[in-house]
Every structure is written in C-alpha cells, then in structure tokens.
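Notes for the one structure printed next.
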Amino acid sequence: MFRCSASCCEDSQASMQQVHQCIERCHAPLAQAQALVTSELEKFQDRLARCTMHCNDKAKDSIDAGSKELQVKRQLESCVTKCVDDHMHLIPTMTKKMKESLSSIGK
C-alpha cells in the first residue's frame with residue numbers, strides 16, 4: 001500500500017486530483033480489510049455480550065425467586081464461564097473465515 005501510494009506521487013504529469021485518487025485506490029484494500037476484521041470482531045463481541053446478559057438475567061431471576069446470594073453467584077460464574085468456553089470454540093472458525101475473506105481482497 002505504501003509503495004503504491006509512493007508511486008502515485010512520482011507521476012510528475014498527474015494533477016493533484018489524480019494523485020489523490022491514485023492514493024485512495026491504493027488504500028482501498030487496507031480499508032476493506034480493516035472493515036472486515038472490525039465487523040467480524042464486533043459480531044463476536046456482540047454474541048458474547050448477549051450470552052453474558054442472559055446469565056445476568058438468570059441470576060436476577062434467581063435472586064427475585066429467593067435464591068441465596070452465594071448460590072446465585074456460583075450460578076452466574078458457571079454460566080459466564082460456559083459462555084466464554086463456548087465462544088472460545090468459535091475463534092478458529094472465525095479466524096479461518098477472516099483469512100479466506102482477507103485473501104480475496106485486492107485480487
């Protein structure tokens with residue numbers, strides 16, 4: 001990307017607008033890659049957050065139903081741990097998907 005941008009600036013016949021457009025074309029694949037990675041990570045974080053919110057809701061329901069605080073705390077910890085464990089297993093698939101998508105950018 002940087003070499004591409006530098007070569008845009010070396011064209012002494014190009015107008016400022018042409019140089020600017022050339023540099024934007026050079027940066028486009030990086031911007032696409034950043035957007036893709038950001039999107040995938042946001043989806044992953046959202047799924048994990050939804051899971052932990054479900055755990056919080058269950059804990060609140062248990063407290064409201066009269067369960068003891070220590071029991072609810074253990075239940076919450078167990079639920080959140082399960083969320084993390086379940087989502088850890090998604091990372092390899094997410095990584096593979098991102099690698100495949102990233103390899104097609106700029107081709």
Side-chain angles (χ1 to χ4, degrees):
M1 176 199 67
F2 293 115
R3 287 185 185 136
C4 177
S5 297
S7 68
C8 294
C9 298
E10 291 172 356
D11 185 356
S12 59
Q13 304 298 315
S15 69
M16 285 297 289
Q17 185 178 0
Q18 289 170 322
V19 171
H20 181 70
Q21 289 171 342
C22 180
I23 291 172
E24 282 184 359
R25 279 192 303 276
C26 293
H27 285 252
L30 176 61
Q32 281 181 289
Q34 286 177 323
L36 185 138
V37 171
T38 299
S39 173
E40 286 298 318
L41 291 175
E42 283 176 352
K43 287 180 206 171
F44 180 81
Q45 287 176 323
D46 287 346
R47 286 180 69 171
L48 183 57
R50 282 195 310 273
C51 187
T52 57
M53 285 196 303
H54 174 72
C55 294
N56 281 328
D57 290 343
K58 283 172 46 175
K60 286 176 188 172
D61 292 343
S62 292
I63 290 284
D64 291 344
S67 295
K68 293 190 168 117
E69 187 177 334
L70 184 59
Q71 179 185 356
V72 173
K73 190 174 182 178
R74 286 186 183 136
Q75 174 191 351
L76 179 61
E77 286 176 10
S78 172
C79 184
V80 171
T81 299
K82 184 173 179 348
C83 286
V84 172
D85 289 343
D86 290 348
H87 284 76
M88 289 290 289
H89 296 295
L90 298 174
I91 292 174
T93 305
M94 180 182 66
T95 303
K96 182 181 177 198
K97 182 180 173 186
M98 281 194 288
K99 283 181 180 179
E100 288 170 357
S101 297
L102 288 171
S103 69
S104 69
I105 292 176
K107 288 188 178 176

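- In this structure, Lys60 does not pair ionically with Asp64, as no charged nitrogen and carboxylate oxygen lie closer than 4.0 Å.
- Closest heavy-atom contact between Phe44 and His87: CE1-O, 3.3 Å.
- In terms of heavy-atom proximity, Ile105 sits nearest to Pro29 at CG2-O, 3.5 Å.
- Checking side-chain atoms of Ser39 against main-chain N and O of Ala35 turns up no donor-acceptor pair under 3.5 Å.
- Considering all non-hydrogen atoms of both residues, Val72 and Ser67 come closest at CG2-CB, 3.6 Å.
- The side-chain heavy atoms of Asp11 and Gln18, taken from C-beta on, include no pair separated by under 4.5 Å.
- Heavy-atom minimum distance, Ser101 versus Ser104: O-OG, 2.8 Å.
- The SG atoms of Cys51 and Cys83 sit under 2.5 Å apart.
- Of all non-hydrogen atoms in Pro92 and Met88, the two that sit nearest each other are CD-O, 3.6 Å.
- For the pair Thr81/Asp85, a side-chain contact is recorded, criterion being any heavy-atom separation below 4.5 Å from C-beta on.
- Comment: Lys43 engages Glu40 in a salt bridge, judged by a side-chain N to carboxylate O separation of less than 4.0 angstrom.
- The two residues Cys26 and Met1 have their closest heavy-atom pair at O-CG, 3.5 Å.
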